[in-house]
Amino acid sequence: MVALVDCNSFYASCEQVFRPDLQGKPVVVLSNNDGCIIAANREAKSLAHIPMFEPVFKIKDRLIKEGVVFFSSNYTLYDEMSRRVMNILKDFSAEVEVYSIDESFISLRGMDHYDLGTYAYQIKKTIFQYTGLPVGVGIGPGKVLAKLANRIAKKTTGQHEQVYIIDSETKRIKALKETAIKDIWGIGKKHCIRLNNVGVISAFDFTQLSLAWVRKNMTVVGERIWRELRGEACMPIITVPKSKKMIGTAKSFGRKLENLELIEEACAYYISEVAEILRKQKSCARYLQVFLQTNYHSKRDKQYHKTYTLPLSVATNNTLLLIREAKKILYGIYKPGYCYKKVGVMLSGIIPEGQVQTNLFESPDNFTPPALMKVLDEINLKYGKATLTSGLLGSKERQKEWELIKEERSPRYTTQWKELLKI
DNA sequence: TCTGGGGTCCTAGGACCC
DNA sequence: TCTGGGGTCCTAGGACCC
């Protein structure tokens with residue numbers, strides 16, 4: 001059996017842990033740039049119809065009247081809270097797959113003699129006691145059914161229960177019959193339309209299709225879901241996270257920018273972020289992609305969008321070199337006269353540091369001067385993000401010209417010592 | 001008139017997830 | 001006026017190898 005443990009309204013719950021005065025009050029968390037709602041707690045959801053991913057400016061007035069408390073997203077805080085939850089789970093199972101910031105699959109193999117329901121409550125209780133975060137637990141004979149059980153736990157049980165186990169054929173069939181196919185993990189919009197067209201409405205209907213049809217129309221991905229729903233576990237728990245194959249970042253500017261210089265500084269900043277992640281996993285990248293785009297929501301502005309991918313002659317994780325190359329790309333794709341909203345960078349073709357193929361004409365040292373990057377990372381780890389940077393990132397003051405809007409960000413409660421140390 | 005067989009690597013595009 | 005960000009996996013088809 002497999003359990004899926006996931007935190008309820010994770011971001012909103014994280015905020016509430018440090019603001020006990022908000023217990024029982026409606027809380028929502030906004031996306032970057034305070035653009036739309038990405039998390040809402042139970043109270044906020046029950047208050048009124050809160051559409052996720054709706055632009056918040058459209059409904060803000062109404063929500064303020066109803067007493068909803070807003071937070072900008074504070075990923076530093078959420079990451080740390082997530083780490084704490086996942087560490088607790090490691091006490092409950094030898095096989096933990098951290099699936100996302102707020103959920104993990106854990107294997108319950110070899111625990112047949114346990115009462116799994118009691119075990120699930122112990123997990124819930126411990127996490128709440130140590131972190132203040134409420135979680136739901138779904139248990140089933142495979143990942144997809146565990147996901148489904150978790151969904152049922154959230155929907156049909158009370159706030160303090162939030163546990164559901166699919167451990168018999170009767171329960172499995174019942175769950176499948178009561179769940180729409182669109183609500184199954186792995187079935188997205190496109191497959192849902194295709195399935196509805198052949199008369200598949202519930203998850204149970206899906207399991208009655210022939211394997212040949214599923215395989216043909218939905219590839220091996222669909223086949224796995226089909227098998228899992230029928231009770232055959234075929235997705236392994238992945239306990240060792242794979243190293244990343246792409247590392248990218250792309251954030252909207254706080255306002256529209258025409259000026260190439262400011263866009264360059266934002267771009268250089270993003271490069272230094274992704275290169276640091278690359279070095280952390282001891283890898284180098286062979287491809288560097290940069291893109292630039294205007295605000296595609298705007299009906300007034302002229303639209304422009306351009307992406308360019310540059311193969312690097314030698315794979316690297318050197319921030320300074322990557323900034324230099326990114327700048328060249330940016331000069332190539334930038335066209336004056338547009339209001340730009342976003343610049344993005346992406347590293348791909350990622351390989352381990354030790355496998356970099358040098359070339360005949362350039363010294364490898366041009367690409368990876370290890371000492372300098374090591375010092376850079378050590379200083380930033382010790383004194384906080386971006387303490388030491390390339391001069392091309394521009395001054396802190398200038399950063400305010402392009403950085404994200406985060407009007408309602410809470411303090412970084414769990415990691416603030418780093419910020420204090422900087423002062 | 002006849003024209004092999006068995007592979008790998010890479011990329012773009014589609015679909016999906018949180 | 002204001003509309004998120006960061007990923008994964010799979011397949012087909014092209015290029016290339018022996």
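Every chain is numbered from 1 and lettered A, B, ... according to where its sequence line falls, protein lines coming before strand lines. Bear in mind that the values here come from a model prediction, so they are computed numbers and not experimental data.
- Across all strands, A:Asn32 comes closer than 4.0 Å only to sugar-phosphate atoms, never to a base (heavy-atom distances).
- Side-chain atoms of A:Asp79 and A:Ser82 include no donor-acceptor pair closer than 3.5 Å.
- A:Ile247 comes within contact range of the sugar-phosphate backbone alone, with a heavy-atom separation under 4.0 Å but no base atom that close.
- Relative ring orientation between A:His305 and A:Phe291 is described as tilted, the plane-to-plane angle lying within the 30° to 60° band.
- Straight-line distance from the CD1 atom of A:Ile277 to the P atom of C:dG5: 15 Å, rounded to whole Å.
- A donor-acceptor contact closer than 3.5 angstrom is absent between the side chains of A:Thr294 and A:Asp301.
- At the phosphate of C:dC2, neither OP1 nor OP2 sits under 4.0 Å from any side-chain N or O atom of A:Lys341.
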Sequence neighbours left out, cut at 3.5 Å: what donor-acceptor pairs do the side chains of residues 236-244 of chain A make with other protein atoms?
none

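- Environment of CZ in A:Arg109: sparse, with no more than 12 heavy atoms of neighbouring residues, nucleotides or ligands closer than 6.0 Å.
- Classification of the A:Tyr340-A:Tyr334 ring pair by plane angle, with boundaries at 30° and 60°, yields tilted.
- Within the structure, a side-chain polar atom (N or O) of A:Asn295 is placed less than 4.0 Å from OP1 or OP2 of C:dT3.
- Residue contacts for A:Lys58: at a heavy-atom cut-off of 4.0 Å it reaches no nucleic acid atom on any strand shown.
- Spacing between atom CG of A:Asp61 and atom P of C:dT1 amounts to 14 Å, rounded to whole angstrom units.
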Dot-bracket line, read 5' to 3' along DNA chain C, where crossing pairs take [ ] and | marks a partner on another strand, Watson-Crick or G-U under 3.5 Å: ....||||||||||||||
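- Atom OH of A:Tyr78 and atom P of C:dG4 are 17 Å apart (whole Å).
- Atoms NZ (A:Lys256) and P (C:dT1) sit 9 Å apart, rounded to a whole Å.
- Contacts of A:Arg255 with the nucleic acid, taken as non-hydrogen atoms under 4.0 Å apart, are absent.
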In B/S/- notation (B base, S sugar-phosphate only, - none; protein heavy atoms under 4.0 Å), nucleotides 7-18 of chain B written 5' to 3' is ----S---SSSS
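- Ring pair A:Tyr99/A:Trp185 is perpendicular by interplanar angle, where above 60° counts as perpendicular and below 30° as parallel.
- Among the heavy atoms of the strands lying under 4.0 Å from A:Thr249 are primed sugar atoms or P, OP1, OP2 only; no base atom is included.
- Residue contacts for A:Ser73: at a heavy-atom cut-off of 4.0 Å it reaches no nucleic acid atom on any strand shown.
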